[in-house]
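Here the structure comes first, spelled out in structure tokens, and everything after it is commentary.
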There are 2 protein chains.
Amino acid sequence: MDRRKQKTRRAIFQAFSRLLEIKHFNDITVQEILDEADIGRSTFYSHFETKDALLKEMCTDIFDHIFSSDLQSERSHDFSSSDHGLQEKITHLLYHLKDHKGNVLGVLSGESGELFMRFFKEYLKAMFEQYPESISQDVPKEFALNHLVGSFAEAVKWWMGNRMKMAPEELAECYLKLIGYHA
Amino acid sequence: MDRRKQKTRRAIFQAFSRLLEIKHFNDITVQEILDEADIGRSTFYSHFETKDALLKEMCTDIFDHIFSSDLQSERSHDFSSSDHGLQEKITHLLYHLKDHKGNVLGVLSGESGELFMRFFKEYLKAMFEQYPESISQDVPKEFALNHLVGSFAEAVKWWMGNRMKMAPEELAECYLKLIGYHA
DNA sequence: TATTATATCAAACGCTTTGTTCATTATCAA
DNA sequence: TTGATAATGAACAAAGCGTTTGATATAATA
């Protein structure tokens, strides 16, 4: 990809991210993004069809990065050297979210949160399905899975909204207690 | 309140509700509401400051009605004759939501869901606090409460999004199983 | 380096939506 | 009946959107 294009794309993402930290998605105008990123109007539209498309691509980028880095061993808190249980997996995920709080916090709350959550839940669903023992047998499977995904997403939202006071390990442990999971 | 004002207000609510069933909140224009409700532009703005205000008032109306009717005994599935446990309370609530699905479904999904959920959670929080035994002692109280509220709200969203195939009693039972509640 | 392709730019455009205003008409409550 | 209040319809400025244009700047390539 052309260096210029990369540079502009990054500028837009960063500007958008900065704006999301101070105001809701719906209140952000394209003009503000242009000013913040210091780019021309037509340039923006050569990158993204709409403001919504921008949000969508940003979410994709974030999750692809977070979830794909699960498979690599670049970070200190990585556990990829071997298979590991749900607790480690969750802890690991929380660390990644914490690392990306700058990007995540903006898209997480307000009206943009709707889209973020949709993406997040897709990934989470795949994750929990890798741990069948976490899915209760006492209720319909779809309901049980929705409960795991939904309540975890809510927990993360709560956690990040509260400045992540709890440590990732602690949050993971508490969450597993509440869903009655015992490794 | 003036009859004319009531009539117009009702027309706006109903038109808005109808529109929410076929498209997302953000895609609805004031003009569409005017056309659907068959009222003038200035009339709309004499009732509501903005489209957001309309949504907000509508949510308030819905919840006030649902939660206040908890205290009356007008409906067949009412349990207000005596104190009752969390399971009955939840079942009762689910019946009310089902009764109001026309209004609720629209504001529940899409971008308007964000606001709906905020309202819903406030009421739920108050409800769960009336049943201290439902709040786990093993984790920080704030976290436990958030878990109850968040996962229940998610369950309702899932349930209504799936055409409410499960009976309210069944959903209540399944939910309580998953949060490990035993009356 | 010279050439070709492509990204960015600024400015302007038509269009939609918004929220307000105002004079007029209809409806209500007393 | 009368005075107050609500609804109407038309028009308005302002803001935002997405597109187009032709010129300029920067990258990849031969």
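All chains are named by letter (A, B, ...) in the order of the sequence lines, taking the proteins before the strands, and each is independently numbered beginning at 1.
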Who pairs with [X] by salt bridge (Lys or Arg N to Asp or Glu O under 4.0 Å), at least two apart in sequence or on another chain?
{"X": "B:K121", "result": "A:E154"}
{"X": "B:E57", "result": "B:R9"}
{"X": "B:D27", "result": "none"}
{"X": "A:R10", "result": "none"}

Short side-chain N/O contact from A:S46 to OP1 or OP2 of C:dA7, under 4.0 Å: no

Under 4.0 angstrom between B:Y45 side-chain N/O and C:dT20 OP1 or OP2: no

Contact list for residues 123-143 of chain B, test side chain to side chain donor-acceptor pair (under 3.5 Å), sequence neighbours left out: B:D64-B:Y123, B:E133-B:Y181

Residue pairs passing the side chain to side chain donor-acceptor pair (under 3.5 Å) test where at least one lies in residues 41-52 of chain B, sequence neighbours excluded: B:Q31-B:R41

Positions of residues 14-32 of chain B (non-hydrogen atom under 4.0 Å from DNA chain C), listed by number: B:T29, B:V30, B:Q31

Upstream residue (5' side of DNA chain C) when A:H47 and B:E49 are each assigned their closest nucleotide: A:H47

Side chains of B:L115 and B:V107 in contact at under 4.5 Å (non-hydrogen atoms): no

Contact check, side chains of A:M1 and A:Q6, non-hydrogen atoms, under 4.5 Å: yes

Interface residues of residues 1-13 of chain A with DNA chain D (non-hydrogen, below 4.0 angstrom): A:D2, A:R3, A:R4

Lys/Arg-Asp/Glu bridge criterion (N-O < 4.0 Å) met for A:E122, A:R118: no

Pair B:Y95-B:E169, side-chain donor/acceptor within less than 3.5 Å: yes

Nucleotide interval of DNA chain D bounded by contacts with chain A (heavy-atom cut-off, under 4.0 Å): D:dG16 to D:dA28

Contact list for residues 28-40 of chain A, test salt bridge (charged side-chain N to carboxylate O under 4.0 Å, His left out), sequence neighbours left out: A:R18-A:E36, A:K23-A:E32

Donor-acceptor contact present, side-chain B:W158 to main-chain A:F143, <3.5 Å: no

Output one line per pair: protein atom, nucleotide atom from nucleotides 10-12 of chain C, and distance, for all N/O pairs under 3.5 Å.
{"residue": "C:dA10", "atom": "N6", "partner": "A:S42", "partner atom": "OG", "Å": "2.9"}

For A:F120, all residues meeting ring-ring contact (aromatic ring centres under 6.0 Å, His included), sequence neighbours excluded: A:F63, A:F116

Gap between atoms CG and C1', on A:D38 and C:dA7 respectively (whole Å): 15 Å

